Undergrad: 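If you scroll down you'll find the structure; I have some questions about it.
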There are 2 protein chains.
Amino acid sequence: MASSIHDLARHLNISIGTVSRALNGRADVNADTRQRVLEAARKLNYSPNQSGRSLRQGATRSIAFMLQPHPGDQQYGEPFFIPFLTGLQARLAEHDLDLMVVMGEPGQYQQERLRRVVETRRADAVVLANTRREDDRIEYLSKAGFPFATLGRSQSGGDTYPSLDIDFERAGDEAVDRLVARGHRRIAAIRPSLDLNFGYLFLDGYRKALKRHGIEVDPDLIADGFINETGGYQVTPQVMRSRNPPTAIIFNNDAMALGGCKALAEMGIKPGHDMAVIVIVDTPLCRYFSPTLTAFRPSLEPMGRRLAEMLLASLPAFAGPEGTRIIREVWPLELIARESD
Amino acid sequence: MASSIHDLARHLNISIGTVSRALNGRADVNADTRQRVLEAARKLNYSPNQSGRSLRQGATRSIAFMLQPHPGDQQYGEPFFIPFLTGLQARLAEHDLDLMVVMGEPGQYQQERLRRVVETRRADAVVLANTRREDDRIEYLSKAGFPFATLGRSQSGGDTYPSLDIDFERAGDEAVDRLVARGHRRIAAIRPSLDLNFGYLFLDGYRKALKRHGIEVDPDLIADGFINETGGYQVTPQVMRSRNPPTAIIFNNDAMALGGCKALAEMGIKPGHDMAVIVIVDTPLCRYFSPTLTAFRPSLEPMGRRLAEMLLASLPAFAGPEGTRIIREVWPLELIARESD
DNA sequence: CGTTTTTCCGTAAACGTTTACGAGAACACA
DNA sequence: TGTGTTCTCGTAAACGTTTACGGAAAAACG
């Protein structure tokens with residue numbers, strides 16, 4: 001059915017070696033022969049079989065993206081992976097690379113899926129998302145010497161891999177800045193209780209800004225909860241019950257913010273009126289919630305494209321003549337001012 | 001680095017044929033030998049190279065999922081693909097199948113990406129989403145004899161492929177039913193202007209229910225627009241300007257509903273108060289919008305799993321001894337009553 | 001003990017590529 | 001004409017599997 005390089009060779013009465021060289025643009029083939037090969041390839045509708053190619057070259061030309069759902073994640077998952085994936089895939093496709101999506105089992109730090117991809121050599125490299133502060137996937141890939149890049153930083157693995165992250169520290173800082181400028185002194189911070197690295201970065205920025213403004217950090221105003229609506233709903237009252245309740249809350253996650261606002265509403269507190277609310281990562285939900293939520297927005301599709309570039313720059317097979325580079329970048333977020341603060 | 005079947009053979013002083021047979025559970029290998037092979041495989045950390053396997057067997061053990069963004073789609077894409085993909089991938093993984101994600105170029109009906117996957121044999125089958133009423137991807141795959149399944153029906157390709165769809169017709173019907181029961185007689189329907197098949201199905205249900213209730217279909221109350229917020233925003237005033245404006249609107253898309261509500265608000269009309277609003281496919285946005293939007297909700301993750309099963313049942317390599325079957329299913333939606341109607 | 005059957009394993013080909021190597025022909029140069 | 005160079009191509013091996021085939025040894029059977 002599908003034509004192979006042998007079919008072309010037989011059809012043209014030349015050897016398969018020449019056909020292959022002609023197709024791959026090698027120099028040692030007569031211009032006329034090459035022309036005939038290309039024509040025949042078009043006529044016979046030839047495309048190289050990727051399995052054969054992979055086997056010979058030891059490279060699959062596909063990149064695995066591993067997405068690890070959080071335990072207890074809500075039905076629709078993290079909305080921002082689609083645009084990120086779009087960018088990632090677009091740039092990879094320009095290099096004729098495929099994107100394989102691997103999802104971990106929710107609820108556990110599973111390496112099994114990852115291990116399978118690596119050991120059966122189904123992909124040439126891996127992109128990790130949802131990086132933990134200490135991430136066993138990173139440890140594993142580092143030790144295995146398998147190329148990878150991450151969306152988000154981690155304390156694991158050192159600086160040996162490319163990573164692209166959002167500047168959560170600066171966002172936490174700016175959020176406090178903005179609230180202080182609007183007269184707030186009692187500012188709460190609510191973040192996920194998971195080991196997710198961004199939760200730590202966010203808190204660093206939050207603390208730094210408070211110090212700069214000479215405001216003492218009150219542990220009662222910092223709380224961790226499940227990274228979903230329920231988490232925000234459960235943990236917000238906790239902060240409100242402190243001896244000296246906050247007048248503003250920064251949520252480190254959109255879903256938690258929605259749950260938190262629900263809790264506030266039930267306590268008769270109106271976000272944007274009686275309580276300032278800022279969300280660190282903007283999603284469409286923030287735009288449509290009532291009140292609309294002030295939030296920091298990342299540019300996801302460009303990030304996807306950029307991380308693809310960074311990964312490729314670290315791979316010997318794709319890096320230019322100037323050699324491989326490990327690039328790490330931290331991108332700023334754009335503040336979208338809305339009604340809630 | 002990675003050990004091959006040759007390493008095992010050398011290590012055990014037997015032939016590679018025997019090793020392969022032992023690993024694959026073939027009968028013609030001594031129980032004792034098999035034991036030794038399995039142990040050695042574990043010790044040497046052996047996993048079969050997928051490229052070699054694919055080449056020999058003519059099957060890649062990976063399934064491609066093609067997602068085609070709509071022209072002018074908003075930043076975050078369709079939120080429901082992540083849970084669907086989760087289910088799809090989970091079931092495929094149980095059969096040791098990988099999931100490859102292929103995104104078409106937004107704005108065009110591009111077959112190029114698809115063609116590449118098929119012709120270079122990078123996947124054993126394809127899953128299509130965003131099916132059009134007349135879908136050239138389906139035509140192409142049918143003609144090429146390449147196995148595929150679709151999320152959503154189409155008029156293309158006949159009944160030769162498995163498909164799983166949501167019962168948009170019934171949802172349109174039920175929405176009208178519900179509105180009529182609440183006293184409405186002037187009910188508008190707003191759907192995307194694209195060739196997307198669900199838009200037609202929805203309208204069929206809408207018309208059917210109106211007829212059953214003896215209400216004449218008013219063409220002025222049916223409008224098409226871009227499948228995003230802007231589309232809803234632009235087209236809603238159009239319906240409102242009709243000689244006999246509606247008292248209720250059914251939106252066939254969540255983003256269009258949000259845009260529509262914005263337009264209504266600007267006209268001084270309050271959804272859920274002065275105007276009943278129902279949305280056909282529920283997303284988290286519907287739950288957080290103010291007012292919360294009554295909507296029909298699909299169960300996406302189970303659908304993903306089910307479509308994987310249906311696809312596998314149609315593939316000779318995976319169908320059980322009872323042979324391959326083409327399964328087509330249409331799943332009902334669950335009405336989530338909220339404040340907007 | 002001779003014959004047949006069964007058990008087990010090695011050999012080798014095949015999947016579709018790429019590529020190192022070498023060889024023949026053409027050409028340049030003296 | 002002899003030698004060296006360049007151009008072009010064919011040959012064959014290699015990547016890591018699976019599997020058809022055949023054969024030797026062991027077991028079963030009379």
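In what follows, every heavy atom counts, from backbone to side chain, and hydrogens, waters and symmetry copies are set aside. Just so it is clear: chains get the letters A, B, ... in the order the sequence lines come, proteins before strands, and each one is counted from 1. In this text the structure is predicted, and so the values were computed from the model without any measurement.
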Undergrad: Does the side chain of A/E301 pick up a donor-acceptor pair with the side chain of A/T86 at under 3.5 Å?
TA: no
Undergrad: For nucleotides 21-27 of chain C, which of its nitrogen or oxygen atoms have a protein nitrogen or oxygen under 3.5 Å away, and what is each distance?
TA:
none

Undergrad: Distance check needed: C/dG10 P versus B/H6 NE2, whole Å only.
TA: 13 Å
Undergrad: Just to be sure I understand the rule, does B/S4 reach a base, reach only the sugar-phosphate, or reach nothing, if contact means heavy atoms closer than 4.0 Å?
TA: sugar-phosphate
Undergrad: Any Lys/Arg nitrogen of B/R115 or B/D136 sitting under 4.0 Å from an Asp/Glu carboxylate oxygen of the other?
TA: no
Undergrad: Please list, in 5' to 3' order, the outermost nucleotides of DNA chain D lying under 4.0 Å from any heavy atom of chain A.
TA: D/dT8 to D/dG16
Undergrad: May I ask you to say what B/I16 touches in the nucleic acid, namely base, sugar-phosphate or nothing, with a heavy-atom cut-off under 4.0 Å?
TA: base
Undergrad: Would you say the side-chain atoms of B/S3 pair up with the backbone N or O of B/L44, donor to acceptor, closer than 3.5 Å?
TA: yes
Undergrad: When you measure from the side chain of A/S54 to the backbone of A/Q50, do you find a donor-acceptor pair of N or O atoms at a distance under 3.5 Å?
TA: yes
Undergrad: Would you call B/D98 and B/R61 a salt bridge, using N to O less than 4.0 angstrom?
TA: no
Undergrad: Do the side chains of A/D165 and A/R328 get close enough for a salt bridge, i.e. N-O under 4.0 angstrom?
TA: no
Undergrad: Using a strict 4.0 Å threshold on nitrogen-to-oxygen distance, state whether A/R137 and A/D135 make a salt bridge.
TA: yes
Undergrad: Which is more 5' along DNA chain C, the nucleotide nearest B/A27 or the one nearest B/R121? Just name the residue.
TA: B/A27
Undergrad: Is any NZ, NE, NH1 or NH2 atom of the basic residue among A/D7 and A/K43 found under 4.0 Å from an Asp or Glu carboxylate oxygen of the other?
TA: no
Undergrad: Determine yes or no for a side-chain-to-main-chain donor-acceptor pair under 3.5 angstrom, with B/R113 supplying the side chain and B/M103 the backbone.
TA: yes
Undergrad: Do A/T131 side-chain atoms and A/S154 backbone N/O form a donor-acceptor pair below 3.5 Å?
TA: no
Undergrad: Of all of residues 44-62 of chain A, which get a heavy atom below 4.0 angstrom from DNA chain D, listed by number?
TA: A/L55, A/R56
